[in-house]
Amino acid sequence: QVQLVESGGGLVQAGGSLRLSCAASGRTFSSFTMGWFRQAPGKEREFVAAISWSGGDTSYADSVKGRFTISRGNAKNTVYLQMNSLKPEDTAVYYCAASTISLPNFIATMSYLDDEYDYWGQGTQVTVSS
(Lines give C-alpha, C1' and ligand atoms only; values in the text may rest on other atoms or scores of the structure.)
Protein backbone atom coordinates (compact mmCIF):
# COMPACT_ATOMS: atom_id res chain seq x y z
CA GLN A 1 0.00 0.00 0.00
CA VAL A 2 1.09 3.56 -0.71
CA GLN A 3 0.07 6.71 1.11
CA LEU A 4 0.33 10.10 -0.56
CA VAL A 5 -0.02 13.34 1.38
CA GLU A 6 -0.12 16.69 -0.39
CA SER A 7 0.78 20.02 1.19
CA GLY A 8 1.56 23.57 0.17
CA GLY A 9 -1.81 24.73 -1.08
CA GLY A 10 -3.31 28.05 -0.09
CA LEU A 11 -4.59 31.43 -1.23
CA VAL A 12 -2.44 33.51 -3.56
CA GLN A 13 -2.98 36.52 -5.77
CA ALA A 14 -2.87 36.24 -9.54
CA GLY A 15 0.71 36.32 -10.75
CA GLY A 16 2.00 34.74 -7.56
CA SER A 17 3.64 31.40 -6.91
CA LEU A 18 3.09 28.30 -4.83
CA ARG A 19 5.00 25.05 -4.44
CA LEU A 20 3.03 21.91 -3.76
CA SER A 21 4.65 18.87 -2.20
CA CYS A 22 3.52 15.27 -2.12
CA ALA A 23 5.12 12.95 0.42
CA ALA A 24 4.89 9.23 -0.27
CA SER A 25 5.21 6.33 2.12
CA GLY A 26 4.81 2.61 1.77
CA ARG A 27 6.15 0.90 -1.32
CA THR A 28 9.27 1.94 -3.18
CA PHE A 29 8.61 5.51 -4.27
CA SER A 30 11.50 5.70 -6.71
CA SER A 31 9.89 3.12 -9.01
CA PHE A 32 6.65 5.07 -9.51
CA THR A 33 5.62 7.45 -12.21
CA MET A 34 4.14 10.45 -10.39
CA GLY A 35 1.48 12.84 -11.55
CA TRP A 36 -0.44 15.91 -10.50
CA PHE A 37 -4.09 16.40 -11.36
CA ARG A 38 -6.60 19.07 -10.39
CA GLN A 39 -10.33 19.45 -10.10
CA ALA A 40 -12.17 22.76 -10.09
CA PRO A 41 -15.73 23.07 -8.73
CA GLY A 42 -18.24 21.70 -11.20
CA LYS A 43 -15.55 20.38 -13.51
CA GLU A 44 -13.97 17.03 -14.18
CA ARG A 45 -10.55 16.16 -12.85
CA GLU A 46 -7.84 17.11 -15.31
CA PHE A 47 -4.20 16.28 -15.84
CA VAL A 48 -1.60 18.85 -14.85
CA ALA A 49 1.84 17.23 -15.03
CA ALA A 50 3.69 13.93 -14.75
CA ILE A 51 7.26 12.81 -14.16
CA SER A 52 8.97 9.48 -14.80
CA TRP A 53 10.52 7.37 -12.06
CA SER A 54 13.98 8.69 -12.93
CA GLY A 55 12.89 12.30 -13.27
CA GLY A 56 14.26 12.34 -16.78
CA ASP A 57 10.92 12.65 -18.57
CA THR A 58 8.12 15.06 -17.87
CA SER A 59 4.80 15.97 -19.40
CA TYR A 60 2.54 18.99 -18.93
CA ALA A 61 -0.94 20.06 -19.83
CA ASP A 62 -0.92 22.85 -22.39
CA SER A 63 -2.67 25.15 -19.93
CA VAL A 64 0.26 25.06 -17.49
CA LYS A 65 3.23 24.58 -19.82
CA GLY A 66 5.88 27.21 -19.18
CA ARG A 67 4.40 28.16 -15.81
CA PHE A 68 4.47 24.93 -13.77
CA THR A 69 7.41 22.62 -13.13
CA ILE A 70 7.21 19.10 -11.76
CA SER A 71 10.21 17.56 -10.02
CA ARG A 72 10.97 14.77 -7.61
CA GLY A 73 13.38 13.97 -4.84
CA ASN A 74 13.60 10.21 -4.58
CA ALA A 75 15.79 10.39 -1.50
CA LYS A 76 12.98 12.26 0.25
CA ASN A 77 10.14 10.27 -1.31
CA THR A 78 8.63 13.53 -2.45
CA VAL A 79 7.32 15.02 -5.68
CA TYR A 80 6.91 18.74 -6.16
CA LEU A 81 4.87 21.06 -8.33
CA GLN A 82 6.26 24.58 -8.62
CA MET A 83 3.51 26.87 -9.84
CA ASN A 84 4.42 30.31 -11.12
CA SER A 85 2.42 33.08 -12.78
CA LEU A 86 -0.75 31.69 -11.26
CA LYS A 87 -4.10 32.60 -12.78
CA PRO A 88 -7.60 32.54 -11.29
CA GLU A 89 -8.39 29.61 -13.59
CA ASP A 90 -5.74 27.57 -11.78
CA THR A 91 -8.03 27.50 -8.74
CA ALA A 92 -8.78 23.87 -7.90
CA VAL A 93 -8.08 21.01 -5.56
CA TYR A 94 -4.74 19.55 -6.59
CA TYR A 95 -4.15 15.82 -6.28
CA CYS A 96 -0.94 13.84 -6.30
CA ALA A 97 -1.06 10.39 -7.89
CA ALA A 98 1.29 7.44 -8.31
CA SER A 99 1.39 4.92 -11.13
CA THR A 100 3.21 1.61 -11.10
CA ILE A 101 3.59 1.80 -14.88
CA SER A 102 7.17 2.43 -15.88
CA LEU A 103 7.10 1.86 -19.64
CA PRO A 104 9.57 4.02 -21.58
CA ASN A 105 6.86 5.87 -23.50
CA PHE A 106 4.29 6.16 -20.72
CA ILE A 107 5.03 9.80 -19.92
CA ALA A 108 4.65 10.87 -23.53
CA THR A 109 1.60 8.79 -24.41
CA MET A 110 -0.58 7.91 -21.42
CA SER A 111 0.46 9.82 -18.31
CA TYR A 112 -2.47 12.22 -18.72
CA LEU A 113 -4.99 9.42 -18.12
CA ASP A 114 -6.10 9.30 -14.50
CA ASP A 115 -7.18 5.65 -14.88
CA GLU A 116 -3.50 4.71 -15.22
CA TYR A 117 -2.74 5.82 -11.66
CA ASP A 118 -3.05 3.40 -8.77
CA TYR A 119 -2.75 5.63 -5.71
CA TRP A 120 -4.12 9.06 -4.91
CA GLY A 121 -3.66 11.66 -2.20
CA GLN A 122 -6.47 13.50 -0.46
CA GLY A 123 -5.84 16.76 -2.30
CA THR A 124 -4.82 20.28 -1.38
CA GLN A 125 -6.78 23.43 -2.20
CA VAL A 126 -5.22 26.14 -4.36
CA THR A 127 -7.13 29.39 -4.68
CA VAL A 128 -5.92 32.19 -6.93
CA SER A 129 -7.60 35.55 -6.48
CA SER A 130 -7.84 38.13 -9.25
Side-chain angles (χ1 to χ4, degrees):
Q1 195 59 270
V2 174
Q3 293 79 42
L4 303 174
V5 179
E6 302 96 335
S7 61
L11 174 64
V12 64
Q13 288 188 333
S17 299
L18 282 175
R19 188 174 84 152
L20 305 183
S21 299
C22 173
S25 61
R27 291 178 56 186
T28 306
F29 171 79
S30 59
S31 65
F32 293 155
T33 296
M34 299 299 296
W36 285 97
F37 291 76
R38 66 187 182 186
Q39 187 167 21
K43 295 187 177 181
E44 293 188 353
R45 186 166 58 191
E46 65 175 3
F47 170 74
V48 176
I51 188 167
S52 63
W53 66 271
S54 67
D57 294 306
T58 57
S59 178
Y60 296 92
D62 288 343
S63 60
V64 306
K65 204 170 291 184
R67 300 188 297 122
F68 291 11
T69 302
I70 188 171
S71 61
R72 67 189 297 161
N74 286 344
K76 295 184 177 181
N77 286 2
T78 303
V79 63
Y80 306 96
L81 184 69
Q82 178 66 44
M83 306 186 295
N84 298 329
S85 302
L86 282 161
K87 305 175 181 180
E89 51 263 45
D90 294 318
T91 295
V93 176
Y94 283 71
Y95 297 92
C96 171
S99 173
T100 56
I101 299 174
S102 59
L103 297 173
N105 61 344
F106 177 69
I107 288 293
T109 61
M110 299 175 66
S111 62
Y112 64 96
L113 298 172
D114 55 4
D115 285 349
E116 301 299 332
Y117 292 80
D118 306 283
Y119 305 100
W120 292 83
Q122 82 289 349
T124 185
Q125 176 71 46
V126 171
T127 303
V128 184
S129 63
S130 57

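We're numbering straight along the sequence, starting at 1.
- The hydrophobic cluster containing Val128 also includes Val2, Leu4, Val12, Leu18, Leu20, Phe29, Phe32, Met34, Trp36, Val48, Ile51, Tyr60, Val64, Phe68, Ile70, Val79, Leu81, Met83, Leu86, Tyr94, Tyr119, Val126, under a criterion of side-chain heavy atoms closer than 4.5 Å among ILVMFWY residues, counted directly or through chains of members.
- Note that CZ of Phe37 and CG of Leu113 are 7.5 Å apart. Values are rounded to the nearest 0.5 Å.
- Taking a 6.0 Å sphere around NZ of Lys65, one finds it holds more than 12 heavy atoms contributed by other residues, nucleotides or ligands.
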#### Entry: Intermediate values then yes/no, side-chain contact (heavy atoms from CB on, under 4.5 Å), Asn105 and Met110
CA-CA 8 Å; Asn105 61 344; Met110 299 175 66; over 6 Å; no
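- For the atom pair Ser30 OG and Asn74 CG, the distance stands at 5.0 Å (nearest 0.5 Å).
- No side-chain heavy atom of Asp114 sits under 4.5 Å from any side-chain heavy atom of Glu46.
- Under the 4.5 Å side-chain criterion, counting only non-hydrogen atoms from C-beta, Arg67 is in contact with Asp90.
- Looking only at distances, a side-chain donor or acceptor of Asp118 sits under 3.5 Å from a matching main-chain atom of Thr100.
- Looking only at distances, a side-chain donor or acceptor of Arg72 sits under 3.5 Å from a matching main-chain atom of Ser52.
- Minimum interatomic distance between Ala92 and Ala40 (heavy atoms only, all atoms of both residues): CB-N, 3.8 Å.
- Note that the OG atom of Ser99 and the CG atom of Asp115 stand 11.0 Å from one another [nearest 0.5 Å].
- Thr109 and Tyr112 get closest at one heavy-atom pair: O-CE2, 3.1 Å.
- Atom-to-atom distance recorded for Ile107:CD1 and Ser102:OG is 10.5 Å, nearest 0.5 angstrom.
- Under the 3.5 Å distance criterion, the side-chain polar atoms of Glu6 are left unmatched by any main-chain donor or acceptor of Thr124.
- Taking CZ of Phe106 as the reference point, atom CH2 of Trp53 lies at 15.0 Å (rounded to 0.5 Å).
- Here the shortest heavy-atom pairing between Ser85 and Ser17 reads N-OG, 4.3 Å.
- Atom CZ of Arg38 and atom NZ of Lys43 lie 8.5 Å apart (nearest 0.5 Å).
- When atom types are taken as modelled, the side chain of Tyr117 and the backbone of Ser111 share a donor-acceptor pair closer than 3.5 angstrom.
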